[in-house]
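Everything on this sheet refers to the single structure shown next.
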Amino acid sequence: MEKVIDEAIQGSPLVLETITQGPRKLYIESYGCQMNFSDSEIVASILAREGFDTTQILEEADLVLVNTCSIREKAETTVRKRLEKFNAVKKTRPQMKVGVLGCMAERLKAQFLEEEKIVDMVVGPDAYKDLPNLIREIDDGRQAVNVILSKEETYGDIAPVRLNSNGVTAFVSITRGCDNMCTFCVVPFTRGRERSRDPLSIVKEVTELWDKGFKEVTLLGQNVDSYLWYGGGLKKDFEKASEVQQATAVNFSGLLRMVAEAQPGMRIRFSTSNPQDMTLDVIETMSSYQNICNYIHLPVQSGSDSVLKAMNRLHTRAEYFELIDNIRAIIPDCAISQDMIAGFPGETEEDHKDTLSLMEFVKYDFGFMFAYSERPGTMAARKLQDDIPHETKNRRLREIISLQQKHSLYRTRQHLGKTEEVLIEGTSKKSEEHWMGRNSQNTVVVFPKKNYQTGDFVNVKIQDCTSATLIGSAVGYSENN
Ligand code: SAH
Ligand code: F3S
């Protein structure tokens, strides 16, 4: 960073002296959802303008930021352990400052500074544009906190710095916050009310990514199907918008169409879909654009109607089945994945069996499964007793996981013998001689490298599989290459 110092030397004219220091080094670590990883790229972009370069080496950092997750207690414990490590480094590097970003920052606010003496700065997910001011505060030896949640902030005007990027796939956020108030979930408290980003800024970011050589984007939001742009403002205020704004509003299928048409060579994914907000319109749009991938992450959390009700998930088991049937009818080879919670308060053995039977019906391609973790401040924490013993929660979770493994294998086996388009993301973790990529369904495919390159679309004949990976060999470039 260039620092200009005005120095008045007696008897001589004002001398402007330019001292060139090396850039300050930012080390940033992210936990939790994809949105957090995407936010860290926005933070890196904001701080690049302040003269910070990113580093992967903790020991040389001037500023350490940790982008935190509050979704389960374990996620918070992990962050606290990392803070102990940062503390040890800080002892040998006193100029190093430590800031906490994200959901834990929002949940604990200034209390964090009390609980973790090592922390200099606490910044909630909507306050990243204030980072330059907050850093000035801590540079002056004060502590700094900004956890104000916003009705507008979508960071739509910031071009993220792609961190740890493979140069092929990228996240693009489209909505922030969530209005759903699932009773177990801390997100509406830590990320605020739902608002959508201007579709033109989304298309612009996707186009810039394409120009830089990226081949796949994942549109991100807590609840993407609820996307609604009517000129800015909270989703809940849509009713108050003018007639013209309402008539020209863009919903999620409209956005998908805009992005798919703007960049027909770009693969498009999205996450997460809440079943209660997913419409036929979206499924039909997916099927009519070849570049929108055949994959839906469709968390259900439980297969029992009474648990779904207690969770404030606003659909029934029957309605979920209807949605699955519609997806399969419109996109027969669509992959579907789940999130499940085992041991929600009051969950009976019967309820748990309903979850297993729902899984048998859907036979998900993969899933993310958790034991219920009570989160302070949520409706479930306030109104319901966390009454399922640890052993029962864990046993039910194990049953869910083992059934999922069986279904994952059932699904990967269905790819055997087929030739599928794969986008190469990089070298396989297990073998230097193999590429790793994904098919449209988001399943990992591994195959010998031959002369192909990262970022190529290739047709791969699938010859073998595990429950998580397809193994094959490339037979040529696909027509999209
Ligand atoms: N917006 C997404 C989920 C966001 S949180 C949706 O529509 O479902 C990601 C996942 O974490 C959730 O789907 C849920 O399975 C899990 N999760 C959230 N809160 C939890 C809690 N208190 N205990 C255990 N798992 C939880
Ligand atoms: Fe959480 Fe439910 Fe929203 S799981 S993020 S409150 S859709």
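As the structure lists them, so they are numbered: ligands from 1, and atoms in each ligand from 1.
With 3.5 Å as the limit, one finds a donor-acceptor pair spanning the side chains of E29 and Y27. Under 3.5 Å, the side chains of N480 and E421 contain a donor-acceptor pair of N or O atoms. A donor and an acceptor atom, one from each side chain of H297 and S271, are nowhere located under 3.5 Å apart. Using a 3.5 Å distance cut-off with no hydrogens or angles, the side chains of D225 and S273 do pair a donor with an acceptor. For the residue pair R72 and T78, no side-chain donor N or O sits within less than 3.5 Å of a side-chain acceptor on the partner. For the residue pair S40 / S30, a side-chain donor-acceptor distance below 3.5 Å is found, with atom types taken as modelled. Side-chain contact annotation: N133 with D130, donor-acceptor N/O pair under 3.5 Å present. With no hydrogens or angles considered, a side-chain donor-acceptor pair links T207 and Q263 at under 3.5 Å. A donor-acceptor contact closer than 3.5 angstrom is absent between the side chains of E205 and S201.
For a threshold of 3.5 Å applied to N or O pairs, the pair formed by S273 and ligand 1 contains no separation below that value. Looking at Y372 next to ligand 1, no N or O pair under 3.5 Å apart turns up. Ligand 1 has no nitrogen or oxygen under 3.5 angstrom from a nitrogen or oxygen of N223. Between F184 and ligand 1, a contact under 3.5 Å exists for at least one N or O pair.
Every atom of ligand 1 with a heavy atom of T272 under 4.0 Å away is listed here by number and element: 2 (C), 6 (C), 7 (O). The distance from ligand 1 to the heavy atoms of P299 drops below 4.0 Å at these ligand atoms: 8 (O). Listed by atom number, the atoms of ligand 1 under 4.0 Å from R72 heavy atoms are 11 (O), 16 (C), 17 (N), 23 (N), 24 (C), 25 (N), 26 (C). Atoms of ligand 1 found under 4.0 Å from any heavy atom of Q222, numbered from 1 in the order shown, are 1 (N), 2 (C), 4 (C), 7 (O). Taking every non-hydrogen atom of F184 and a distance limit under 4.0 Å, the qualifying atoms of ligand 2 come out as 4 (S). Each of the following atoms of ligand 1 lies closer than 4.0 Å to a heavy atom of N274: 7 (O). Close approach to R375 involves these atoms of ligand 1, each under 4.0 Å from a residue heavy atom: 22 (N). Of all atoms in ligand 2, listed by their number and element, those nearer than 4.0 Å to a heavy atom of R313 are 2 (Fe), 4 (S).
A centroid separation of less than 6.0 Å is found between the aromatic rings of Y295 and F366. Two rings, from F184 and Y372, have their centers 6.0 Å or more apart.
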Would H415 and Q441 satisfy side-chain hydrogen bond (donor to acceptor under 3.5 Å, both in side chains), going step by step from the backbone distance to the final call? CA-CA 10 Å; H415 295 267; Q441 287 87 353; 4.7 Å; no
Output, in order, the C-alpha distance, side-chain angles, deciding distance and verdict of side chain to side chain contact (heavy atoms under 4.5 Å, CB included) for I202 and V259. CA-CA 8 Å; I202 296 169; V259 177; 4.2 Å; yes
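Using a 4.5 Å heavy-atom threshold, the side chains of Y128 and L101 count as touching. Under the 4.5 Å side-chain criterion, counting only non-hydrogen atoms from C-beta, V300 is in contact with Y364.
Ranking protein heavy atoms by distance to atom 23 (N) of ligand 1, first place goes to S373 N, 3.0 Å. When hydrogens are left out, the protein atom nearest atom 5 (S) of ligand 1 is I71 CD1, 3.5 Å; that is the closest non-hydrogen contact. Regarding atom 3 (C) of ligand 1, its nearest protein heavy-atom neighbour is D339 OD2, 4.4 Å.
In Q301, the part holding a heavy atom less than 4.0 Å from any atom of ligand 1 is the side chain. Neither the backbone nor the side chain of M35 comes within contact range of ligand 1; no heavy atom lies under 4.0 Å. With a 4.0 Å cut-off on non-hydrogen atoms, A371 touches ligand 1 through its backbone and not its side chain.
At a 4.0 Å cut-off, not a single heavy atom of Q276 sits close enough to ligand 1 to count as contact. Residue I341 places a heavy atom less than 4.0 Å from ligand 1. Not a single heavy atom of C33 lies less than 4.0 angstrom from ligand 1. Not a single heavy atom of V187 sits less than 4.0 Å from an atom of ligand 1.
Taking the side-chain contact (heavy atoms from CB on, under 4.5 Å) definition, one finds that R395 meets it with E349, H352, T392, R398, E399, sequence neighbours left out.
Note on atom 3 (Fe) of ligand 2: protein N/O/S atoms under 2.8 Å are C178 SG.
A salt bridge links D179 with R193: the distance from a Lys NZ or Arg NE/NH1/NH2 to an Asp or Glu carboxylate oxygen falls below 4.0 Å.
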